[in-house]
Every structure is written in structure tokens, then in C-alpha cells.
Peer 1: 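Sharing a structure below in C-alpha cells format, with a few things to ask.
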Amino acid sequence: MKVGILALQGDVDLHRSVLESLKVQSVLITSKEQLDDVRRLIIPGGESTAMSKLLVSSDIYGRLKERIEQDSISIFGTCAGLILLSNTVLDGRQDQVSLQALDVSVRRNAFGRQIESSFKHVEMVTGGFIEPAFIRAPKIENVSTKVDILGRLKDSGEPVLVRQGKMMGATFHPELCFNQDCNMVHRLFLEYTEEN
Amino acid sequence: MDINRGNLLVKRGLAEMLKGGVIMDVINKEQAKIAEDAGAVAVMALERVPADIRRDGGVARMSDPALIEEIQQAVTIPVMAKARIGHFGEAQILQSLKVDYIDESEVLTPADFDNHIDKWKFEVPFVCGATNLGEALRRISEGAAMIRSKGEAGTGDVVEAVKHLRSITNEIRIITQLDGAEIYKKAKELQANVELVKEIAETGELPVPLFCAGGIATPADASLVMQLGAQAVFVGSGIFKSGDPSKRAEAIVEATAHYQDPEIVLKVSKNLGEPMVGISSHELSESQQLQGRGW
């Protein structure tokens, strides 16, 4: 079964390459009708404010909300994608929408401007560590007890990778990494949401 | 070596995040807010849009840092700013200001007729203009993390942007067909680093994201250049020199995201008011053209 990648704006190409390297077929989603063909979706990194507007104007937002309520879709969001999944967005725009599918509060651009962007060590709960890019990255400030923490920053212990049921979100970009190790994050999403 | 690679990857990373989006020229915080409201992925902060720089003449320099700061405070999206070609002094100031991207731009008056900025020395990423692949690869060798077509800024005429984009993508397609020996000859012709030419032969892509700039004025223009291989769009004078900037900005954002769907581009193209008046770029003498700046 193909994995959808929301392709309204953002680093769609990088996610597609990761899925390709894992031999998983992907399909780019730019309309609500295309959404009906997938049960798994990646929301890429990008600008959450721009994506929010495009989600609403294309009505993909409405259709996604329905699918989340029906529990008929699994979603993995990276960076802006996590912001769009979260219950509460801090330092966002007033009119910015989010899908409220992950019970976390996320602060936008919490590390500062691009000059603060870097690779950081992330310790995985499943063992091992990865070193993905954090680009103008957000921070997860509050995590409800319903949410599992799957990865933490090595230095501060802050949660950076979380999961709640069919929803998964990362503050970083596992799709932007020195080596293939970061693929483990996409593999986790695929394992958790394996279709029987 | 690894650290440099990392740097480039982080720098290129932000360009990856801007793909499929629109970066808009703004000259004050009010315009910056209109741009953000309309769904811009970033703004370019400057004192005068290219159409006015063209009209006013004289020396065009980096904007007042206080203006850039005001725009940084007004919006939550990335803020870029322009430095003159070769003017690393201006670029250092922009890095201290923590702008998110520096555009070493032919729209400003060049500060060095021989050398561009050594962009490897900076932590803030750079975007540079190019009219052909050789120029693009020279800028990448100097450390540029994003390439944009130059087009002919401040005209509202898309013809030069189309020419530059087509030239770059055409050369890339040719390289993918060359054998090992021919690649060296091609690198010599392009006056470009042979390693970069080899990389293109393997990947069929520029090593950094390729965006389009220079003369985009309508949603149809955005759709055209995206279909020609641009991965995002810069709009300079085209928005705030038009009759209804807010509506036009939103329409260009929609057309860039949905460039493959003419129905959507049609819908957003209706009733946008007056476009910028524009100048046909063929009426400009060579000395009036900005695209010849850069070496």
C-alpha cells in the first residue's frame, strides 16, 4: 500500500527519497480526493503558516479531520508537520490551523533563526542514536500522558520524537541526515502502522 | 571535511523547506505582514523593490539594518536580505543580524567586478542568481546553498527567467548523456568544477535547490516556471507594484502549490486587478540589464 506525502509545500522530495530507499511506494497528495487513496500520510517540513493556509483552501484540512475522527489514517509529521498535528501551537499565527491529533504543545522556531540550525544527537527509546538536522526547529513543551516519547535530545533530554496511537511527530528532519541511520524513524512509522 | 558537508546540508536544508513556496520582496513591516497573511514561505527585506531601483538609478546598496530588524520582528517566517555582489562587509552585517538567507544579488550595484563573496566563510546560507549552468556551478563552488534564475528583475516580464531556467535544465539534461571523457570537456566549457559536473551526471539535478526569480507577475507565470523545473518562486516587484497586492499574493501562492492543476490556476487568476505595468525586457539596452552582473 502506498504512503501519501502531503505535497502542498515543503521538503517533499527528501521524504520521497527516504521512502524510495526503503522500497516503499509514495504518492504525492495535493487534493482531498487523492487523500481517499491512502491510509498512511507524511506531512513534510516546510512553513507551517503557508501549509496551514493551503490545507484550508484545498479543503484537505476538513477531509483529514474526518479521517482522523474515523481513525482511518496514520500520520507522521516532521517539523512543520508536527506543528500541524499538535493540539496547541505556541508562537504561531492566530489564524493558523492544526489538526489536534497529537496531545502536545509545540513552540515554533524555538531554537531561533537559521543560524541556530544544526545537526543534533537524538537518543532513541528503541536503542541507538541518530544525528538528524534541526532546521529553525520547534520544541515540544508539554506532553500529555497519552503520548509516548520515542526520542530525546542527548544534551537536554527534551522530547523530540513522539507518538500517540496512529500519530507520530518529530521536531527534527529524519529525512535530512548525514547517513542512512535516520531512516529508522521512517521505518518505525511504517512498522507501527503496518496494515494487516 | 565532514563539518563543511554538514554546514552545506544544514544551509541547503532551509532551501528544501521553502520548496513549493513563494518568497516575496517587501519594503516595510506592513508589506511583510501582507505577505505572511497571503501564505509566503519567506520574505526578502529591502528598501526598494527592483522596479524602483531601476527607475531611481544611482548606487543600490544593502538595506538599512533597522528596516530589516523591523521586518524580522513583524513576521514569524524566514527573512532574507540582499548584499551587493562581492560585498562581504555587507554580508557580515546581515549575518550578525541573523537573517535566514543572504541573497548576493545582481539587483544591487556590484561591489567587486572580479570576485563573488567566499560564502564558505559564513554560517548563514546564501542564494545567488544564475543565467546558465556554468554560472550556477561557479556560485555553488563558492558556497551558495540555493540557486535562483536571475531573470530580469523589476520588469514584470517573465521571458528572461524562462530563458535562464531552460538554459540550466537543458544543460543538466545534456550532461546526463555524456560519457566519462566528455564530462571533463563539458566542465571546461562551463568553466565549472568537474566534481560538480560529475555529480550532475549521476543525479540529473543541480546539487542545491533551483528556484526562479526575475519578472514573475501573475499566477500563470508562477505555474509556467514551476513546470519548467523551478522548485519555488521569488516575486519581487510583481506583488506590491500591482493593484491588489494581497489578492495577487494569495493567488500566486495557490498557483505555485497547485502548478500542475490548471483548474486551480484558472480559479485564482480571476479578478486580480491591475498587474504591475512592466517593461518589455527587450526594450532595455544592455547597460540597463541587471542579469549581466555577476561573473
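Just so we're on the same page: letters track the sequence lines, and every chain starts at 1. These values consider heavy atoms only, across backbone and side chains, with no hydrogens, waters or symmetry-generated copies. Values in this document were obtained by computation on a predicted structure and should not be read as measured data.
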Peer 1: Based on non-hydrogen pairs under 4.5 Å, which of B:Glu250, B:Arg12, B:Glu254, B:Glu36 is most in contact with chain A?
Peer 2: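 So the answer, after comparing B:Glu250, B:Arg12, B:Glu254, B:Glu36, is B:Glu36.
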Peer 1: Contact part of A:Ser118 toward chain B, heavy-atom cut-off under 4.5 Å: side chain, backbone, both or neither?
Peer 2: backbone
Peer 1: Among A:Thr49, A:Leu14, A:Asn109, which residue forms the greatest number of heavy-atom pairs with chain B at distances under 4.5 Å?
Peer 2: A:Leu14
Peer 1: Less than 6.0 angstrom from the centroid, inside 45 degrees of the normal: does A:Lys139 satisfy that with respect to the ring of A:Phe111?
Peer 2: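 Because its charged atom sits under 6.0 Å from the ring centre and within 45° of the axis, A:Lys139 does stack over A:Phe111.
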Peer 1: Which region of B:Gln95, side chain (C-beta onward) or backbone (N, CA, C, O), has a non-hydrogen atom less than 4.5 Å from a non-hydrogen atom of chain A, or is it both or neither?
Peer 2: both
Peer 1: Backbone N or O of B:Glu16 within a donor-acceptor pair of the A:Asp11 side chain at under 3.5 Å?
Peer 2: no
Peer 1: Using 30° and 60° as the class boundaries, would you call the ring planes of A:His186 and A:Phe76 parallel, tilted or perpendicular?
Peer 2: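 Rings of A:His186 and A:Phe76: perpendicular, as their planes differ by over 60°.
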Peer 1: Who wins among B:Ala42, B:Gly39, B:Gly13, B:Pro78 for the most heavy-atom pairs under 4.5 Å with chain A?
Peer 2: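 Between B:Ala42, B:Gly39, B:Gly13, B:Pro78, the count favours B:Pro78.
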Peer 1: Under a 4.5 Å heavy-atom cut-off, does chain B meet the side chain of A:Ile115, its backbone, both or neither?
Peer 2: both
Peer 1: Do A:Lys32's NZ or CZ and the ring of A:Tyr61 fall within the cation-pi criteria of under 6.0 Å and 45°?
Peer 2: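 Cation-pi check for A:Lys32 and A:Tyr61: fails.
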Peer 1: Hydrogens and angles aside, do A:Thr78 and A:His15 bring a side-chain donor and acceptor to less than 3.5 Å of each other?
Peer 2: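 Yes, a side-chain donor-acceptor pair sits under 3.5 Å.
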Peer 1: Is A:Asp95 in contact with chain B via its backbone, its side chain, both, or neither, using a 4.5 Å heavy-atom distance?
Peer 2: neither
Peer 1: Between the side chains of B:Thr203 and B:Glu199, is a donor N or O closer than 3.5 angstrom to an acceptor N or O?
Peer 2: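 No, no side-chain donor-acceptor contact under 3.5 Å.
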Peer 1: Can you say whether B:Ala40 sits under 4.5 Å from chain A via the side chain, the backbone, both, or neither, judging by heavy atoms?
Peer 2: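 Interface part for B:Ala40: backbone (N, CA, C, O).
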Peer 1: Would A:Arg163 pass as a cation-pi partner of A:Tyr192, given that its NZ or CZ must be under 6.0 Å from the six-membered ring centre and within 45 degrees of the axis?
Peer 2: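 Satisfied, under 6.0 Å and within 45°.
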Peer 1: Using heavy-atom distances under 4.5 Å, tell me whether B:Asp37 contacts chain A through its side chain, its backbone, both, or neither.
Peer 2: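 B:Asp37 touches chain A through backbone and side-chain heavy atoms alike.
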Peer 1: What I want to check is whether the side chains of A:Arg40 and A:Ser74 have a donor and an acceptor closer together than 3.5 Å.
Peer 2: no
Peer 1: So if I take each residue of residues 121-136 of chain A and look for any heavy atom under 4.5 Å from a heavy atom in chain B, which residues do I end up with?
Peer 2: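 At a heavy-atom separation under 4.5 Å, chain B is reached by A:Ile135, A:Arg136.
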Peer 1: Quick one: do the A:Ser17 and A:Glu20 side chains pair a donor with an acceptor below 3.5 Å?
Peer 2: no
Peer 1: With a 4.5 Å limit on heavy-atom distance, are the side chains of A:Leu150 and A:Val162 in contact?
Peer 2: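 No; the side chains remain at least 4.5 Å from each other.
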